[in-house]
Amino acid sequence: MTKIQRSKLLVVPLLLLALLVSACGKDNNAPSSGASASPEGGATPPAASAEAASPSPSQKPVTLEFSTNASGGTLEAFKEIVAGFNDSHLGITVELADLGKDFNTLMTARMANNDMPDLFSTAGWSVRRFGEYLLPLGDRAWAGQVADSIKPVVADYGGKLLALPMDIDVSGMIYSQTILQQLGLSVPETWEQFLAACEAIKKAGYTPIAVAGKEQSDIAGMLSRVSLSLLVQSGNSHKSAFEQGSFDWKEFGAVTDFVLNLKAQGYFNADYLTADKATIYSEFAKNNVAFAFQSNQTIAEIKKLNPDADVSMMRIPVGDASAKPFLISGERDSVGVWKDTKHPEQALAFIDYLAQPDNVRKIAEAYSLPAGLNGVKVDLGTLQGVFDQYQDAPVSNHFDRQYLPNGMFTTLGNVGSGLLAGTMDAAQVIAAMSEDYTRLSNAK
Amino acid sequence: MRSNVNALNRSRLADRLQIAAMYAPAFVLFGLFVFYPLISGVRISFTDWNGYSQSYSFIGWDNYRKLFADSNIRTAFVNTLIYGVGSAVIQNVWGLLYALLLNRKFAGRTLARAAIYLPVMISGLIMGYIWYFMLQYSGGALNDLMSALGLARVDWLADPNRAVGLILFITSLQYVGQAMVIYLAGLQTIPQTYYEAAEMDGVRVWSRFRHITLPLLAPAIITNATLKLIGGLQLFDLVMALTRGGPGFSTHSVSTMINYLYFASQNAGYSATLGIALFLTIMTITIAINRFLRKREVEH
């Protein structure tokens with residue numbers, strides 16, 4: 001082999017190496033002009049208007065990454081809004097990354113690398129999970145319009161607003177008005193009435209309660225609602241113990257007993273361990289099922305299968321008549337800005353655009369939810385009457401988001417699944433809840 | 001004379017450098033995508049990291065101690081061995097039978113080979129969803145058929161033992177085509193003269209299979225056994241699509257459990273510990289199987 005051939009052969013692997021090393025390098029996009037962001041979160045966002053953020057011809061075009069967990073109608077609404085923004089803001093392109101069910105997994109990896117999207121949905125966890133990655137938004141023009149009922153949920157303990165709440169996730173349980181009317185039953189307000197209704201429904205040949213046990217989030221939703229009712233909202237409340245972190249987990253036995261009783265009485269669907277949510281929607285659409293521990297999104301999905309299905313929202317029953325049935329009011333479609341984004345000015349321009357009344361309305365109406373900003377009129381469709389009827393009902397944030405450390409919704413789903421499957425008894429469930437509560441509370 | 005030696009040494013050095021340069025990309029890629037993650041995994045396994053926070057504490061051997069006492073982990077390991085060893089045995093026996101059958105000439109042989117291999121082309125996730133739609137209680141094809149025949153519906157995936165059995169059956173059915181192709185290739189390398197000589201000596205069919213086919217297929221058996229074992233031990237997508245590890249934790253494999261612990265339970269340190277345990281298990285079993293089967297290889 002000649003020297004020339006040898007040197008040629010050496011060049012190939014060296015080029016490959018160089019390519020690899022350059023590919024592994026960090027993104028060296030120069031920060032855009034405008035606002036600066038400090039690495040420790042002391043970002044100083046400019047209170048610029050959307051129009052002012054459009055770059056002058058001399059500025060480089062900017063691409064913003066917006067990751068969301070939105071699905072169905074909400075995702076379609078976000079796509080429409082993003083397209084409108086891109087059309088009206090020359091030089092700024094928002095790329096919507098629809099992460100769907102992989103949202104939590106991918107965002108976890110992004111958080112571990114401290115490499116977040118410029119904009120992202122906070123998926124119910126703007127403070128306790130994403131708080132340390134979010135740019136405070138209290139100085140935006142729309143901040144004063146944030147509805148009082150959602151403000152504490154999207155603001156940190158110091159009162160700093162961390163996300164733009166597009167809607168408020170007001171929900172309770174869902175029920176079939178058709179079945180209840182047919183059997184002459186009123187909407188239950190206590191668990192005693194609920195159990196009596198279940199018995200009558202079962203005797204009439206219907207399924208009293210639908211559970212999509214293949215998806216542990218559905219079981220977690222049931223345990224979360226029952227826990228909130230029995231441990232916080234009913235007479236013997238443990239609210240202060242939860243708030244002080246001194247809750248005695250043996251008391252969780254009230255929840256396991258309640259769920260085991262529902263199972264023992266045969267009130268669940270036959271496939272409660274393996275059904276998916278699509279099956280539950282289908283059973284409601286066929287008027288086979290009376291109750292489900294699910295949010296209003298389920299109503300929209302059922303109506304897609306059967307527009308005539310008479311399904312509505314009810315308040316969550318309580319343990320005794322002295323307490324009032326209640327609704328859950330939490331964060332759903334909120335959007336925040338990464339505090340270390342290289343393009344804060346443009347990202348804030350997008351947030352301001354999102355906050356325009358017409359855009360807030362589009363997101364809120366996708367699943368018939370009240371708007372997160374005051375002054376935005378939302379058509380709640382068939383649920384308008386229910387919202388009017390329950391406008392004075394007590395509301396609470398979700399049990400896990402208010403009283404448990406981040407990550408315990410998964411624990412609720414797992415222990416619930418184990419309890420229903422018979423692979424865990426009540427004592428094991430209580431031990432697992434207590435252990436994860438301590439571990440996740442101590443997480444840094 | 002000395003200048004000739006120097007020239008020879010220079011040439012050897014250049015050769016070595018050239019060889020090293022050719023190896024370098026592979027070493028860098030291996031280091032970056034295999035060795036570095038492995039070392040990181042070992043380091044994380046000694047921490048209480050939640051998977052996303054910028055800080056964590058070292059907790060010594062706590063995760064390893066917990067691993068041995070955790071009944072859910074034990075279930076996942078038993079299931080993984082069932083998925084791994086079970087599917088390796090089933091696919092090898094089944095694949096060999098298919099290969100012996102489809103090595104003969106008959107009309108429709110190509111179609112039969114294609115039909116058996118076709119499921120390999122589908123992703124495990126899609127296969128899982130297809131089977132979920134067949135097995136589900138409400139609206140499932142199998143239950144609808146049973147209803148039409150006047151039989152009671154069965155919630156096939158609700159019983160943990162049955163669910164594990166079904167996962168084993170479905171993964172074996174999906175990948176048996178792969179084993180069949182490897183065996184077919186192995187069978188076609190065996191010289192026909194051996195069989196002709198044995199036939200002339202009056203050797204029976206079973207003896208010909210035992211003393212000619214099986215020993216000469218040893219490389220194919222090793223390949224298949226190792227591939228199928230590793231595939232089964234790493235089973236993930238099918239479990240996620242069919243049961244998501246439920247009911248409870250009863251059908252989790254170690255892979256799905258690692259995913260659950262890391263991303264859902266926010267217990268990355270413990271998840272990494274389980275990953276290390278799975279790595280050591282696969283390595284030990286693979287080495288043992290290779291040593292066992294290599295002794296039985298026959299050259300021809």
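Throughout, protein chains are lettered first and strands after them, A, B, ... in sequence-line order, and every chain is numbered starting at 1.
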Of the backbone (N, CA, C, O) and the side chain (C-beta and beyond), which part of N267(B) lies under 4.5 Å from a heavy atom of chain A, both, or neither?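 Contact with chain A involves both backbone and side-chain atoms of N267(B).
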Derivation of the side-chain hydrogen bond (donor to acceptor under 3.5 Å, both in side chains) call for D102(A) and T105(A): CA-CA 5 Å; D102(A) 293 327; T105(A) 305; 5.0 Å; no
If you count heavy-atom pairs under 4.5 Å between each of T423(A), N414(A), L420(A) and chain B, which one has the most?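 Most pairs with chain B among the choices: N414(A).
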Which one, M424(A), E215(A), M107(A), R110(A), leads in non-hydrogen pairs under 4.5 Å with chain B? E215(A)
Atom pair OH/OG of Y260(B) and S265(B) - distance to nearest 0.5 Å: 4.0 Å
Using a heavy-atom distance cut-off of less than 4.5 Å, which residues of residues 130-158 of chain B contact chain A? Y132(B), Q136(B), Y137(B), S138(B), D155(B), L157(B), A158(B)
Heavy atoms under 4.5 Å from chain A: which residues of residues 62-80 of chain B carry them? K66(B)
So, for F130(A) and F120(A), is the gap between ring centers shorter than 6.0 Å? yes
Give a yes or no on whether the ring-centroid distance for Y270(B) and Y262(B) is below 6.0 angstrom.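 Y270(B) vs Y262(B): aromatic centres not under 6.0 Å.
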Inter-chain contacts: residues 427-436 of chain A against chain B, heavy atoms under 4.5 Å: E435(A), D436(A)
Residue pairs passing the salt bridge (Lys or Arg N to Asp or Glu O under 4.0 Å) test where at least one lies in residues 244-263 of chain B, sequence neighbours excluded: none
Is it the side chain or the backbone of T108(A) that comes within 4.5 Å of chain B heavy atoms, both, or neither?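 For T108(A), heavy atoms of backbone and side chain both lie under 4.5 Å from chain B.
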Any side-chain donor paired with an acceptor under 3.5 Å for D159(B) and N161(B)?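 Checked: D159(B)/N161(B) side chains show no N/O donor-acceptor pair below 3.5 Å.
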